[in-house]
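What follows is a short report on a single structure.
In what follows, every heavy atom counts, from backbone to side chain, and hydrogens, waters and symmetry copies are set aside.
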Amino acid sequence: MERQFPYKLYLVISEEACYGRDMLWVAEQAVKGGVDLVQIREKNKNYSDFLESSLRLKEMLDSYSVPLIVNDNPVVAVNCNAHGIHVGNSDIPPSEIKKKWPGCNMIGYSVEYMEQLSGTEIEFSDYLGVSPVFSTPTKTDTVTEWGLKGVEQIRTLTDKPLVAIGGINQFNAKQVIQAGADCLAVVSAICAADNPAKAAETLRNLIETA
Ligand SMILES: Cc1ncc(COP(=O)(O)OP(=O)(O)O)c(N)n1
Ligand SMILES: Cc1nc(C(=O)O)sc1CCOP(=O)(O)O
Ligand SMILES: [Mg+2]
């Protein structure tokens, strides 16, 4: 049985997404509200700034026993002793990550095409990002808007844990879980909220009662 995935609410965070608020503060509030997995996703930082932010975030998250996932960059991930990495179709594939980073605890892999589900990379992945469930201004270089029907369909085709991402908020969270997602990943629903702790708590309650 594949679906050993204890995480339910996944914060994907960057400095940019916090609109001038301290990223560590936003992340800590989110964890207090119920986030149980965090990904640092810095698309515009150089290596040393990305690493420095990751180290600071990791230190804070360690005090709550919340794992840190690094987006895209295995060197940053290894050097901040992250729990794992998330990669997509333009990144180093999961099979290569497994070879180069044997100590990696978790590899997330974005699914943008149905064909990926019958490919070999899936076997090397610990969860699949359903990418995106709904189109979102936060990330516009996406392919298929899966929608709820897409989540349902993917659910029938794999036993891998499914992390839904893209346009998820308090108004659709329950439906996305009911469609078959194991975990919801959000950027703006928490990072742009006036009260990130409250936003996380609301989402977490919706997930738990879906
Ligand atoms: C949980 C989760 N799912 C999907 C993605 C997207 O990854 P990717 O397709 O590699 O795109 P970028 O995030 O690198 O722009 C993700 N980051 N996290
Ligand atoms: C990081 C990311 N990946 C996506 C994908 O579809 O793979 S969508 C996305 C951003 C999600 O932001 P928001 O919660 O603000 O919609
Ligand atoms: Mg990527």
Side-chain angles (χ1 to χ4, degrees), residues 2-15 17-18 23-42 50 53-74 76-78 80-88 91 94 97 101 103-111 124-133 136 138-139 151 160-170 173 176-177 180-193 196-208 210:
E2 176 69 49
R3 285 163 69 190
Q4 296 286 318
F5 198 74
Y7 310 106
K8 300 215 177 296
L9 183 57
Y10 188 174
L11 175 68
V12 179
I13 198 165
S14 65
E15 207 163 291
C18 296
M23 185 171 73
L24 283 190
W25 177 82
V26 174
E28 188 164 11
Q29 292 299 304
V31 167
K32 286 181 175 169
V35 159
D36 52 6
L37 188 62
V38 174
Q39 177 187 140
I40 183 163
R41 178 177 178 266
E42 292 291 1
F50 192 179
S53 301
S54 302
L55 286 165
R56 292 176 64 218
L57 187 55
K58 169 84 167 48
E59 189 183 8
M60 185 279 288
L61 292 173
D62 279 352
S63 65
Y64 293 90
S65 301
V66 168
L68 175 67
I69 304 298
V70 169
N71 180 256
D72 290 349
N73 192 323
V76 170
V78 168
C80 76
N81 195 21
H83 189 71
I85 187 165
H86 186 97
V87 290
D91 305 315
I97 299 277
W101 183 16
C104 181
N105 294 297
M106 188 184 289
I107 302 178
Y109 179 48
S110 305
V111 172
F124 299 92
S125 313
D126 297 297
Y127 73 81
L128 304 178
V130 181
S131 163
V133 178
T136 170
T138 312
K139 175 174 162 71
V151 178
K160 289 282 173 185
L162 296 182
V163 173
I165 189 163
I168 292 169
N169 56 43
Q170 60 178 304
V176 178
I177 293 290
D182 297 289
C183 173
L184 302 184
V186 303
V187 178
S188 51
I190 290 177
C191 293
K198 183 81 198 127
E201 192 186 333
T202 301
L203 285 166
R204 183 72 193 227
N205 286 337
L206 288 162
I207 294 167
E208 297 292 351

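- The line from CD1 of Ile107 to CD1 of Ile69 is 10.0 Å long, rounded to the nearest 0.5 Å.
- Rounding to the nearest 0.5 Å places CG of Asp62 at 3.5 Å from NZ of Lys58.
- In this view, Glu42 and Lys45 satisfy the salt bridge (charged side-chain N to carboxylate O under 4.0 Å, His left out) rule, not counting sequence neighbours.
- Taking 4.5 Å as the limit, every side-chain heavy atom of Tyr127 sits out of range of all side-chain heavy atoms of Asp182.
- No side-chain heavy atom of Val187 sits under 4.5 Å from any side-chain heavy atom of Ile13.
- Under the 4.5 Å side-chain criterion, counting only non-hydrogen atoms from C-beta, Val70 is in contact with Phe50.
- Between the Lys8 side chain and the Ile207 main chain, no donor and acceptor come within less than 3.5 Å of each other.
- Rounded to the nearest 0.5 Å, atoms CD1 (Ile85) and CG (Asn73) are 6.5 Å apart.
- Taking each heavy atom of Arg204 and Leu9 in turn, the nearest pair found is N-CD2, 4.0 Å.
- Residues passing the side-chain contact (heavy atoms from CB on, under 4.5 Å) test with Asn71, sequence neighbours excluded: Gln39, Arg41, Lys43, His86.
- Annotation: the span from Leu184 atom CG to Leu37 atom CG amounts to 12.0 Å, rounded to 0.5 Å.
- Put simply, the side chain of Asn205 never gets that close to the backbone of Thr202: no donor and acceptor are under 3.5 Å apart.
- Counting all heavy atoms, side chain and backbone alike, Cys80 lies closest to Leu68 at SG-CD2, 4.1 Å.
- Considering every non-hydrogen atom in both Leu24 and Leu57, the closest pair reads CD2-CA, 3.5 Å.
- Side-chain contact between Asp126 and Pro161: absent, with no pair of heavy atoms (C-beta onward) separated by less than 4.5 Å.
- Taking 4.5 Å as the limit, some side-chain heavy atom of Ile97 sits within range of a side-chain heavy atom of Pro74.
- Shown here for Thr136 and Gly167, the closest heavy-atom pair between the two residues is CB-N, 3.7 Å.
- Counted within 6.0 Å of CD on Glu208, heavy atoms from surrounding residues, nucleotides or ligands total more than 12; the atom is thus considered enclosed.
- The CD1 atom of Ile40 sits 4.0 Å away from the CE atom of Met23 when rounded to the nearest 0.5 Å.
- Contact between Asp36 and Tyr7 at its shortest, heavy atoms only, is O-CD2, 3.2 Å.
- Trp25 is listed as a side-chain neighbour of Pro196, based on a closest heavy-atom distance under 4.5 Å.
- Shortest non-hydrogen contact noted between Ser131 and Ile165 is CA-CG2, 4.2 Å.
- Shown here are the side-chain hydrogen bond (donor to acceptor under 3.5 Å, both in side chains) partners of Ser188, two or more places apart in sequence or in another chain: there are none.
- Within the model, atoms CD1 of Ile190 and CD1 of Ile168 stand 11.0 Å from one another, a figure rounded to the nearest 0.5 Å.
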